[in-house]
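Working notes for the structure below.
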Amino acid sequence: MDAMKKIVQDKIVLASVIFLSLLILGIIFADLLSPYDPNKQDIMNKLAHPSSEHFFGTDLLGRDIFSRILYGGRVTLLLSFFIVFLILLMGLIFGGISGIFGGWIDAIMMRFCDLMLSLPNEMMSLCIIGILGPSLLTIILALTIVRFPWYIKIIRTEVLNYKTKNYVIFSISSGKSKSWIFKEHIFQPIIRSTIVYSTLDISAVIMSISALSFLGIGIQPPTAEWGRMLNESREIAVVEPWQMIPAGVTIFIVIAMLNYIGDAIAETINETNT
């Protein structure tokens with residue numbers, strides 16, 4: 001409660017939480033809030049400047065940019081949350097098993113993680129998508145594969161730290177099973193610490209999804225996605241540079257706010273633990 005109270009008292013963090021909450025609600029209820037079909041083309045009204053009719057203007061094909069920002073957030077933002085949740089779940093399962101059981105299981109798991117982490121993340125993502133082809137499923141698969149070894153190592157380290165606590169040592173000497181010890185003594189505290197990593201990692205995943213779409217191997221047209229919108233506006237950036245502003249500023253603000261929230265949570269947790 002003290003940690004939550006301190007976070008709420010930070011006006012920048014509070015503003016970030018409110019903004020992101022409103023954005024997520026807008027994305028979820030885009031069908032109700034969007035004034036236009038995000039994929040509907042109106043060539044006669046292409047490259048219209050922002051107005052009361054089109055809040056952010058229209059793109060090269062006459063599509064409403066504001067509507068595409070809302071619908072694009074379903075892909076960029078909600079997909080990022082899903083990928084980080086999937087990575088966190090896999091990290092908890094395999095990192096928890098590795099740390100709590102140790103032995104040959106831990107050795108095999110750590111060698112696997114060392115192998116995966118020795119390869120460049122971006123190159124691995126490009127290779128996986130290049131082999132399987134660009135699609136929503138391959139993006140999830142590629143970003144999960146290149147990121148979940150980090151979580152395995154982080155959570156394993158957390159588990160090993162908690163195994164040295166007196167109450168855990170007492171439970172081990174009392175004959176409690178390792179699965180019971182993990183569930184009762186280790187799971188809850190490591191969840192709190194991994195929330196910080198996952199909050200910061202959401203912004204990195206957003207960047208990865210946007211970068212892949214910007215390169216043309218991520219989300220494919222006509223689906224609205226923030227990185228894809230940047231790619232489409234890049235073609236006319238010299239003539240109409242304002243076209244890059246809506247998607248670019250949205251990505252920047254969301255990432256900056258997520259990073260600030262993550263830093264504030266990490267600082268608050270560190271203060272409460274000392």
Side-chain angles (χ1 to χ4, degrees), residues 8 10-83 134 136 139 199 202-216 218-262 264:
V8 172
D10 189 321
K11 294 182 179 180
I12 299 179
V13 175
L14 183 60
S16 299
V17 171
I18 292 173
F19 176 83
L20 290 176
S21 300
L22 292 175
L23 179 61
I24 292 172
L25 287 174
I27 289 169
I28 294 173
F29 296 103
D31 295 333
L32 300 176
L33 299 176
S34 175
Y36 300 95
D37 183 335
N39 297 323
K40 184 179 180 180
Q41 300 181 15
D42 184 7
I43 302 299
M44 299 301 295
N45 197 30
K46 68 178 183 179
L47 300 179
H49 286 234
S51 63
S52 57
E53 186 177 358
H54 298 282
F55 301 140
F56 293 163
T58 61
D59 64 8
L60 187 61
L61 297 176
R63 297 171 297 190
D64 183 67
I65 295 177
F66 177 74
S67 299
R68 289 181 66 78
I69 288 289
L70 287 180
Y71 279 92
R74 287 184 173 181
V75 179
T76 310
L77 194 57
L78 298 185
L79 181 60
S80 300
F81 280 106
F82 175 75
I83 291 174
L136 187 63
I139 291 174
T199 303
I202 291 173
S203 58
V205 174
I206 290 174
M207 283 292 294
S208 297
I209 294 173
S210 300
L212 291 171
S213 297
F214 182 80
L215 293 173
I219 304 301
Q220 298 299 296
T223 303
E225 193 278 326
W226 295 342
R228 185 72 201 178
M229 292 174 66
L230 280 176
N231 178 279
E232 294 168 350
S233 61
R234 174 184 57 85
E235 301 175 3
I236 54 171
V238 176
V239 181
E240 300 285 354
W242 62 271
Q243 284 273 314
M244 302 189 73
I245 293 177
V249 171
T250 301
I251 293 172
F252 173 80
I253 291 176
V254 169
I255 289 176
M257 288 185 171
L258 284 170
N259 285 338
Y260 196 88
I261 293 171

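Below, each value reflects all heavy atoms present in this structure, side chains not excepted, and no hydrogens, waters or symmetry copies. Residue numbers count from 1 along this sequence.
Remark: I236 CD1 to L60 CG distance equals 5.0 Å, nearest 0.5 Å. The OG atom of S80 lies 7.5 Å from the CD1 atom of I202; values are rounded to the nearest 0.5 Å. The CG atom of L136 sits 9.0 Å away from the CZ atom of F82 when rounded to the nearest 0.5 Å.
For residues 222-241, there are no ring pair (Phe, Tyr, Trp, His ring centres under 6.0 Å) pairs, not counting sequence neighbours. The salt bridge (charged side-chain N to carboxylate O under 4.0 Å, His left out) analysis of residues 247-262, with sequence neighbours excluded, yields no pairs. Within the structure, side-chain hydrogen bond (donor to acceptor under 3.5 Å, both in side chains) contacts touching residues 241-255 (residues at least two apart or in different chains) are E240-W242. Annotation: salt bridge (charged side-chain N to carboxylate O under 4.0 Å, His left out) contacts involving residues 38-47, sequence neighbours excluded, are absent.
Every residue two or more places apart in sequence or in another chain was checked for a side chain to side chain donor-acceptor pair (under 3.5 Å) with D37, and none qualifies. Not counting sequence neighbours, the partners of D64 by the side chain to side chain donor-acceptor pair (under 3.5 Å) test are H54, S67. Listed by chain and number, the residues in a side chain to side chain donor-acceptor pair (under 3.5 Å) with T58 amount to none (sequence neighbours excluded). Not counting sequence neighbours, the partners of S203 by the side chain to side chain donor-acceptor pair (under 3.5 Å) test are N259. The ring pair (Phe, Tyr, Trp, His ring centres under 6.0 Å) test applied to F56 returns F66, not counting sequence neighbours. Residues meeting the salt bridge (charged side-chain N to carboxylate O under 4.0 Å, His left out) test with R228, sequence neighbours left out: E232.
Listed for the E225 side chain is a donor-acceptor partner under 3.5 Å among the backbone atoms of G227. Looking only at distances, a side-chain donor or acceptor of Q220 sits under 3.5 Å from a matching main-chain atom of G216. The closest donor-acceptor contact from the side chain of S210 to the backbone of M207 lies at 3.5 Å or more, if one exists at all.
Between Y36 and R63 the shortest side-chain heavy-atom distance does not fall below 4.5 Å. No side-chain heavy atom of M257 sits under 4.5 Å from any side-chain heavy atom of V13.
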Enumerate donor-acceptor pairs with a distance under 3.5 Å from any side-chain N or O in residues 15-32 to protein atoms, sequence neighbours excluded.
{"residue": "S16", "atom": "OG", "partner": "I12", "partner atom": "O", "Å": "2.8"}
{"residue": "S21", "atom": "OG", "partner": "V17", "partner atom": "O", "Å": "2.7"}
{"residue": "D31", "atom": "OD1", "partner": "Y71", "partner atom": "OH", "Å": "2.6"}

